[in-house]
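To start, the structure under review is shown below, and the notes come after it.
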Number of protein chains: 2
Amino acid sequence: MKILIIEDDPSLLESMTAALKKDGHVVETASDYPSAIDRLGVYAYDCALVDIMLPGGSGLDILGYIRENCRKTNVIIISAKDSLDDKVKGLELGADDYLPKPFHLAELSARIRSVYRRSRNDGDFTYRAGNVVLDPDTNKVTVDGKDLPLLKKEFDILAYFMQRPGHLVDKEVLAEAVWGDHIDQTDNFQFLYAQVKNLRKKLQESGADIELKAVYGFGYKLKV
Amino acid sequence: MKILIIEDDPSLLESMTAALKKDGHVVETASDYPSAIDRLGVYAYDCALVDIMLPGGSGLDILGYIRENCRKTNVIIISAKDSLDDKVKGLELGADDYLPKPFHLAELSARIRSVYRRSRNDGDFTYRAGNVVLDPDTNKVTVDGKDLPLLKKEFDILAYFMQRPGHLVDKEVLAEAVWGDHIDQTDNFQFLYAQVKNLRKKLQESGADIELKAVYGFGYKLKV
DNA sequence: CTTCAATTATCAGAATTTTCATAATATAAC
DNA sequence: GTTATATTATGAAAATTCTGATAATTGAAG
């Protein structure tokens, strides 16, 4: 992706640039309001990282400018810790994400990846089946709009099926996808059965209208 | 890799072939002793999967032939369940691995991958530091030749360091490597500290002469 | 329709991992 | 060298995942 970082702290700017270049992105930078507007007028960036506190103008103004003029540019707001106000304002003004300082570069990478995934699917990308919505970016599941908290394995299993609704999924394939390479010598799927059981229970109790059907001798299938 | 499968059951042969081709290998097959010997005389395979029960001669004879004539070909013996005798004989005759029937194709893939890794490092590949030896294929650690049982996370952490002895490893980098992408918003490394603590304890109690040194503000370093 | 073997489900307990509260230690500022 | 602050360590509790024993269900065979 082509990314513009708008940040006035030189050392932070440098490490962010290095990290994102390492991730394979094309990175440009601006350290103040006017040069940011300048760059935004020249290129169509896929994503802009905007620090709120900037010399010569608030980052929120830049956000406003981007939303007016660069429809396809995703914006991630960066701002001091605990500044909930910035967050609220930023998201109201149409930021795609919000990253409080201080943050880890790994976290930055993850947010960028998330923005990237979403941009490739124009907008907020989620999987839907019946009244269940699963968001792979935030790891959240809702049933009729209501949050359904799932444990990690349960979520991974459900996510796998919701990417292939109605499709028969072999037990081995599922195990490999969810548990990865720690599965070895597998003749025993108790760990899978246990997780399936708990997932089913939570789905049912939450009123979900989808169901994990066992297919004797093969695996499972998600039925709406 | 170029793989020769020597197996007389047609349906098993077919599914094995499909699975290994899907993994990107070049696969050839033989269903009996003479045609196996024939193929082995023509090509230098990276790996041969040899069923023990074959029409026209035992797979063990083929194993013997390969060990005599094809020095670089790895051999994985395949044989009926619980036939411990075959396993012992096979490994004595120089097989590289042993896979009891029935097996899962995922397991077969894993064994092949393991053979592949090992072949790329000519022979049994392990990491060593001081009196500690770590085998990434079998997930086993020994100290002065004595087994040191480690839990999964502990093993993963140690493995990461033993691949980079003496090298400073950043906490974030380590966390990402061992825990994968479930690490998000990480400002809190308690989970890491806890595992490091347990790993250190086991290393120390086992008499290992290596040590995980904390580097204030950054991470850890493995010191022999 | 029974019977049987194989597969899947369930529950509870065990093992592992993570979190919490708190202590110890390292670095920097004085 | 003290003091203050951030970082790392520790033990115990909590949460999660896995395992074992056992029950229920499925599909096939008689």
Side-chain angles (χ1 to χ4, degrees), chain A residues 81 101-104 139 148-158 160-161 168-205 211-223, chain B residues 81 101-102 104 139 141 148-158 160-161 168-205 211-223:
Chain A
K81 201 177 195 171
K101 275 189 196 175
F103 53 84
H104 292 281
N139 279 39
L148 171 59
L150 292 181
L151 299 179
K152 190 148 67 295
K153 296 293 181 199
E154 294 163 0
F155 178 87
D156 289 347
I157 293 172
L158 182 60
Y160 195 84
F161 281 99
L168 171 59
V169 174
D170 187 89
K171 281 200 303 284
E172 286 176 56
V173 172
L174 178 62
E176 177 132 0
V178 173
W179 279 264
D181 49 22
H182 105 87
I183 302 298
D184 226 37
Q185 289 286 53
T186 294
D187 223 11
N188 179 345
F189 287 97
Q190 285 311 126
F191 59 95
L192 210 172
Y193 298 146
Q195 296 292 344
V196 165
K197 180 198 140 224
N198 295 332
L199 172 56
R200 278 170 167 167
K201 191 170 162 204
K202 290 187 184 178
L203 283 174
Q204 203 199 328
E205 286 176 353
E211 197 187 353
L212 227 44
K213 299 278 282 184
V215 180
Y216 193 88
F218 294 92
Y220 296 89
K221 189 191 286 196
L222 187 69
K223 219 185 99 196
Chain B
K81 202 176 194 170
K101 275 189 196 176
H104 292 280
N139 279 39
V141 175
L148 171 59
L150 291 181
L151 299 179
K152 189 144 69 316
K153 295 294 181 196
E154 294 163 359
F155 178 87
D156 289 347
I157 292 172
L158 182 60
Y160 195 84
F161 281 98
L168 171 60
V169 175
D170 188 89
K171 281 200 303 283
E172 286 177 54
V173 173
L174 178 63
E176 179 133 357
V178 173
W179 278 265
D181 50 21
H182 103 86
I183 302 296
D184 226 36
Q185 288 286 53
T186 294
D187 222 11
N188 180 343
F189 287 97
Q190 285 311 126
F191 60 94
L192 210 173
Y193 298 146
Q195 296 291 345
V196 166
K197 180 197 139 223
N198 295 332
L199 173 55
R200 278 171 167 166
K201 191 170 161 204
K202 289 186 184 177
L203 283 174
Q204 203 199 329
E205 286 176 352
E211 197 187 353
L212 228 43
K213 299 278 282 183
V215 179
Y216 193 87
F218 294 93
Y220 297 89
K221 189 191 284 196
L222 187 69
K223 218 185 98 194

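Throughout, protein chains are lettered first and strands after them, A, B, ... in sequence-line order, and every chain is numbered starting at 1.
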At under 4.0 Å between heavy atoms, how does the protein contact nucleotides 24-30 of chain C? Give one character per nucleotide, 5' to 3', with B, S or -. --BS---
Nearest to the [X] side chain among [options], which nucleotide is it?
X: B:Lys153; options: D:dT10, C:dT17, C:dT8; answer: C:dT17
X: B:Lys197; options: C:dA9, D:dT17, D:dG11; answer: D:dG11
X: A:Gln195; options: D:dT17, C:dT10, D:dT8; answer: D:dT17

Just to confirm, is there a sub-4.0 Å distance from OP1 or OP2 of C:dT18 to any side-chain nitrogen or oxygen of B:Trp179?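 For C:dT18, OP1/OP2 do have a side-chain N/O of B:Trp179 under 4.0 Å.
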Check whether any side-chain N or O of B:Tyr220 sits under 4.0 Å from OP1 or OP2 of D:dA9, and answer yes or no.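 B:Tyr220 to D:dA9 OP1/OP2: side-chain N or O found under 4.0 Å.
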What do the steps show when you test A:Leu150 against A:Leu158 for side chain to side chain contact (heavy atoms under 4.5 Å, CB included), and what is the final call? CA-CA 9 Å; A:Leu150 292 181; A:Leu158 182 60; 3.8 Å; yes
Could you give the CZ-to-P distance, from B:Phe218 to D:dT7, as a whole number of Å?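 Going from CZ in B:Phe218 over to P in D:dT7 covers 11 Å.
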Using the C1' atoms of five pairs at each end, what's the angle between the two axes of the helix from C:dC1-D:dG30 to C:dC30-D:dG1, to 10 degrees?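 The end-segment axes of the helix from C:dC1-D:dG30 to C:dC30-D:dG1 are tilted 30° relative to each other.
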List every contact pair, protein side and nucleotides 19-22 of chain D side both N or O, where the distance is under 3.5 Å.
residue	atom	partner	partner atom	Å
D:dA21	N6	A:Gln190	NE2	3.3

Interatomic distance, A:Leu212 atom CG to A:Leu203 atom CG [nearest 0.5 angstrom]: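 Answer for the CG-CG pair, A:Leu212 versus A:Leu203, is 7.5 Å.
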For a quick test of reading the model, state the closest non-hydrogen atom pair linking B:Phe189 to B:Glu172 and the distance between them.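 Looking at all heavy atoms of both residues, the closest pair is CZ-CG, 3.9 Å.
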So what does B:Lys171 hit on the nucleic acid, given a heavy-atom distance under 4.0 Å: a base, only sugar-phosphate, or nothing?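 Since only primed, P, OP1 and OP2 atoms lie under 4.0 Å of B:Lys171, the category is sugar-phosphate.
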